[in-house]
Amino acid sequence: MTMVSTGRPNEITVKKSFDLLVYEAVSHIPFGQVATYGQIAELIGAYGCARQIGWSLKRLRLPSKIPWHRVINAKGEVSMSIGREGTDWIQIDLLKSEGVFIDQELKIQLRRYLWKPDLLKDSE
DNA sequence: CCTCTGACTCCTT
DNA sequence: AAAGGAGCCAGAG
């Protein structure tokens, strides 16, 4: 997609790509909470496209203002992959720094930290 | 236009 | 509990 070459994206002039929609939704995840890929997909009207969310995040240029580290998989784990070249471990560190408890098996209790966007109707 | 790549999820053994 | 398979589809080249 055509990105604005100068400055940040402008919602009026930029035709939003799928990536942009993802980043926008992700940016709404509150500090200290997490969301799943599938949840983000559903939020942007792409139910069932969880994989695509991960691929969008991979395209993100780091460092980024987008709280990309708050997105984990439905099992409550940070998705580990050699292809991420270490960003998965960075993600774990960032989550811990926000007070999210991660156990020895790298599991996160969704029961405790999962973001519930329905409670915040002002978003979007 | 065609093909390939994957940070996922759900359903079935 | 754990593993296998099918479906998911936007970008990049």
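Given the structure is predicted, the values throughout are model-derived calculations rather than measurements. Chain identifiers are assigned alphabetically (A, B, ...) following the order of the sequence lines, protein sequences preceding nucleic acid strands; residue numbering begins at 1 within each chain.
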*With a 4.0 Å cut-off on heavy atoms, is A/Asp88 in touch with a base, just the backbone sugar-phosphate, or nothing at all?*
nothing
*Within the side chain of A/Thr36, is there an N or O that forms a donor-acceptor pair under 3.5 Å with the backbone of A/Gln39?*
yes
_Side-chain donor or acceptor of A/Tyr23 paired with backbone N/O of A/Leu57 under 3.5 Å_ = no
How long is the line joining [atom1] of [X] and [atom2] of [N], in whole Å?
X        : N      : atom1 : atom2 : answer
A/Ile108 : B/dA7  : CD1   : C1'   : 13 Å
A/Arg59  : C/dG13 : CZ    : C1'   : 13 Å
A/Ile53  : B/dT5  : CD1   : P     : 21 Å
A/Ile44  : C/dC9  : CD1   : P     : 12 Å
A/Leu57  : C/dA10 : CG    : P     : 16 Å
A/Asp19  : B/dA7  : CG    : P     : 15 Å
A/His69  : B/dA7  : NE2   : P     : 20 Å

*Side-chain donor-acceptor contact under 3.5 Å, A/Gln91 with A/Arg70*: no
_Can you confirm whether A/Val78 sits close enough to A/Leu106 that some side-chain heavy atom of one is under 4.5 Å from a side-chain heavy atom of the other?_
no
*Would a 4.5 Å heavy-atom cut-off, applied to side chains only, mark A/Leu110 and A/Trp115 as touching?*
no
*Counting side-chain heavy atoms from CB outward, which of B/dA7, C/dG11, C/dC9 is closest to A/Cys49?*
C/dC9
*How does protein contact run along nucleotides 8-13 of chain B, one letter per nucleotide 5' to 3', with B for base contact, S for sugar-phosphate only, - for none, heavy atoms under 4.0 Å?*
BS----
*Rounded to the nearest 0.5 Å, what separation is found between the CZ atom of A/Arg51 and the OG atom of A/Ser56?*
13.0 Å
